[in-house]
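I have placed the structure first, in the form of structure tokens, so that the comments after it can refer back to it.
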Amino acid sequence: MLQYIAPAGVSDPTVVLLTPGAANSAYFEHTYLARQMGIEIVEGRDLVVRDSRVFNAHDERLAAGSRHLPPVGR
């Protein structure tokens, strides 16, 4: 789907939709888009930065060197 914006050498990028949260007036649209695209929806509090890379804090693979989230778009 969005492989064309993945960093070089990443054939299966992790894609998420970043939302401000349920209090945002567009949250319904955010969840709808995430479901339609088949991707996870995350809030800022769901993300952690390690060594200048962004990870999903709820990814059970985080401790085992899970894949980082390549470009963060807006």
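Please read these numbers as outputs of a predicted model, since none were measured by experiment. Note: hydrogens, waters and symmetry copies are ignored here, and every other heavy atom, side chains too, is used. Residue numbers run from 1 in the order of the sequence given.
In terms of heavy-atom proximity, Leu17 sits nearest to Ala34 at CD1-N, 4.2 Å. Here the closest non-hydrogen pair linking Asn24 and Ala26 is OD1-N, 2.7 Å. When all heavy atoms of Val16 and Val42 are compared, the pair lying nearest together is CG2-CG2, 3.7 Å.
Contact of the Glu40 side chain with the Asn56 side chain is registered, since non-hydrogen atoms from C-beta on lie closer than 4.5 Å. Side chains of Leu47 and Leu18 form a contact here, defined as non-hydrogen atoms less than 4.5 Å apart.
In this structure, His30 and Tyr27 have perpendicular ring planes: the angle between them is above 60°, well past the 30° mark.
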Decide side-chain contact (heavy atoms from CB on, under 4.5 Å) for Ile41 and Thr31; before the verdict, give the C-alpha distance in whole Å, the side-chain angles of both, and the deciding distance to 0.1 Å. CA-CA 7 Å; Ile41 187 168; Thr31 58; 3.8 Å; yes
